[in-house]
Amino acid sequence: MILAAIVLTLEGPARPHPDGWRGLVYGLLKQIDPDLHSAQPNPFSLSLGGHEGAWWVRVGILQESLYARLSPHLFGLMGQTVRLKEPFRVTAVLQEEHPWASVSSYPRLFQGQAGASLGLQFASPTFFRRKGQSYPLPEPKLVFDSLAQRWNAFAPARVPEELQESWERMTIARFQGHTQAIRPNPDERGVGFVGRVVYYLPAASPVETQWMQALGRFAFYAGVGAKTSLGFGRVRGFDPLRDSGRTDEPKEGATAGALDSV
């Protein structure tokens, strides 16, 4: 029941290319299981970030069996030179001691605070598919339906169906951010959202708050929305009572073909 987010820090000449990182991971997945790279939904998420001189790439893993098979290959890259379009030397492989690295389990996601407010930081552009187009608004139902779908695919216990009504009742208490033009594919342009959102569930029951918080913690590993294997939808939680923080992370831009803000 392990969940993991493994970060590889890099030394190289320029910003890594998301397609290069994706190609490397998909190559490893083909070695492990030829069908894994085409699984839907994906049992992993991919992203990259950092800044000049301190780039990093990341894989979120949603299955314990995948963690057992993939993590030795990732840790084996320590000190190696990898090609992410350009050559990069892997300076560290981390599953802790980095803000985007962690190891947990599905049961552990239910531990800790279980209030009716949940803060989520959308650190890379996030969007949803609607009638074949990108839809950039982090509406509660879209966010939590996305998380519940991936949770149900890989977790040992399913999200209760009655929580569908909870997501429809949920509101947004605070919204800080902006849209950003994106290019999910070479022939496709769209719009995503980056920023911070505080979700609030009025008259929430203990069961509702437990699931709300667990899915919020799950977002750190799974990502939210479409194209999470290309760096979109990278998310982490924050305490809405203590941390107003920055609205986004524009310099990390961990997305294939991200364009200027709009």
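In this chain, numbering begins with 1 at the start of the sequence shown.
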Under 3.5 Å, side chain of R89 to main-chain N/O of E11, donor-acceptor pair present? no
Tell me, do Y221 and L62 make a side-chain contact under 4.5 Å, heavy atoms counted? yes
On a heavy-atom basis, which atom in A219 and which in V224 lie closest, and how many Å separate them? CB-CG2, 4.0 Å
Between the side chain of N42 and the main-chain N/O of T228, is any donor-acceptor distance below 3.5 Å? no
Is the CD atom of Q113 crowded by more than 12 outside heavy atoms at less than 6.0 Å? yes
Judged by modelled atom types alone, do Y67 and Q95 share a side-chain donor-acceptor pair under 3.5 Å? yes
Could E208 and R169 be called an ion pair, given the rule that one side-chain N must be under 4.0 Å from one carboxylate O? yes
Could you check if a side-chain atom of V198 sits within less than 4.5 angstrom of a side-chain atom of F175, using non-hydrogen atoms only? no
Tell me whether S124 contacts the main-chain N or O of G231 through its side chain, where contact means a donor paired with an acceptor under 3.5 Å. yes
Rounded at 0.5 Å granularity, tell me how far OG in S134 sits from CZ in F128. 11.5 Å
Minimum heavy-atom distance between I182 and P125, given as atom pair plus value: CG2-CB, 3.6 Å
As a quick check of understanding, evaluate side-chain contact (heavy atoms from CB on, under 4.5 Å) for T209 and L201, giving each step before the final call. CA-CA 8 Å; T209 58; L201 187 57; 5.6 Å; no
Has the side chain of T179 got a donor or acceptor atom that lies under 3.5 Å from a matching backbone atom of F193? no
Would you say L66 ends up clustered with V103 if hydrophobic residues are merged whenever their side chains have heavy atoms under 4.5 Å apart, either directly or through other cluster members? yes
Report whether F75 and V90 are members of the same hydrophobic cluster (ILVMFWY, side-chain heavy atoms less than 4.5 Å apart, transitive linking). yes
Which distance, rounded to the nearest 0.5 Å, do you find between the CG of L120 and the CZ of R236? 12.0 Å
Taking a hydrophobic cluster as the set of Ile, Leu, Val, Met, Phe, Trp and Tyr residues connected by side-chain heavy atoms closer than 4.5 Å, whether directly or through intermediates, do V25 and L94 fall within one such cluster? no
Between L24 and L77, is there a side-chain heavy-atom distance shorter than 4.5 Å? yes
Please work out which of the three classes, parallel, tilted or perpendicular, describes the rings of W100 and F220, given edges at 30° and 60°. parallel
Should L84 and V57 count as side-chain neighbours, where that means a heavy-atom distance under 4.5 Å? yes
Non-hydrogen atoms of W21 and R58 that approach each other most closely: NE1-O, 3.0 Å
Are more than 12 heavy atoms from other residues, nucleotides or ligands located less than 6.0 Å from atom CD of E168? yes
For Q176 and R196, which I'm curious about, is there any donor-acceptor pair between the side chains at under 3.5 Å? no
Quick one: closest heavy-atom pair of H98 and W56, and the distance? NE2-CD1, 3.7 Å
Look at the side chain of Q213 and the backbone N and O of S117, then say whether any donor-acceptor pair between them is shorter than 3.5 Å. yes
Using a 6.0 Å cut-off, check whether atom CD of E161 has over 12 heavy atoms from anything other than its own residue. no
Nearest 0.5 Å, please: how far is CG in L28 from CG in D33? 13.0 Å
Check this for me, if you would: do R129 and E188 make a salt bridge, where the nitrogen-to-carboxylate-oxygen distance has to be below 4.0 angstrom? yes
Heavy-atom nearest pair, P87 first then P13, reads O-CD, 3.3 Å
Check whether any side-chain N or O of R217 sits under 3.5 Å from a backbone N or O of Q111 as a donor-acceptor pair, and report yes or no. yes
Would you say CD of E52 has more than 12 non-hydrogen atoms from neighbouring residues, nucleotides or ligands within 6.0 angstrom? no
Here's a test for you: under side chain to side chain contact (heavy atoms under 4.5 Å, CB included), which of I2, L3, L70 qualifies with I61? L70
Check Y135, F232, F122 against F127 for a ring-ring contact (aromatic ring centres under 6.0 Å, His included) and give me the one that passes. F232
State whether the side chain of T91 and the backbone N or O of T9 hold a donor-acceptor pair below 3.5 Å, judged by distance alone. yes
Within a strict 4.5 Å, meaning less than it, do heavy atoms of the V197 and R174 side chains meet? no
Can you tell me how far CD of E86 sits from CZ of F88, rounded to the nearest 0.5 angstrom? 6.5 Å
Would you say the ring centers of W151 and W211 fall short of 6.0 Å from each other? yes
Can you confirm if the aromatic rings of Y26 and F44 lie within a centre distance of less than 6.0 Å? yes
Heavy-atom pair with the smallest gap, counting every atom of R150 and S45: NH1-CB, 4.4 Å
Rounded to the nearest 0.5 Å, what separates atom OG in S104 from atom CG in L109? 4.5 Å
So, do F144 and M170 sit near enough that their side-chain heavy atoms are less than 4.5 Å apart? yes
Look only at the side chain of S71 and the backbone of R69, and say whether a donor-acceptor pair between them is shorter than 3.5 Å. no
Got a second to check how far R15's CZ is from H17's NE2, nearest 0.5 Å? 8.0 Å
May I ask you to decide if the ring planes of Y106 and F218 are parallel, tilted or perpendicular, using 30° and 60° as cut-offs? tilted
H178 and V194: CA distance, side-chain angles, deciding distance, side-chain contact (heavy atoms from CB on, under 4.5 Å) verdict: CA-CA 6 Å; H178 61 267; V194 291; 3.4 Å; yes
I'd like to check F154 versus P41 (side-chain heavy atoms, cut-off strictly below 4.5 Å). Are they in contact? yes
Measuring only between side-chain heavy atoms, which start at C-beta, is D19 closer than 4.5 Å to L230? yes
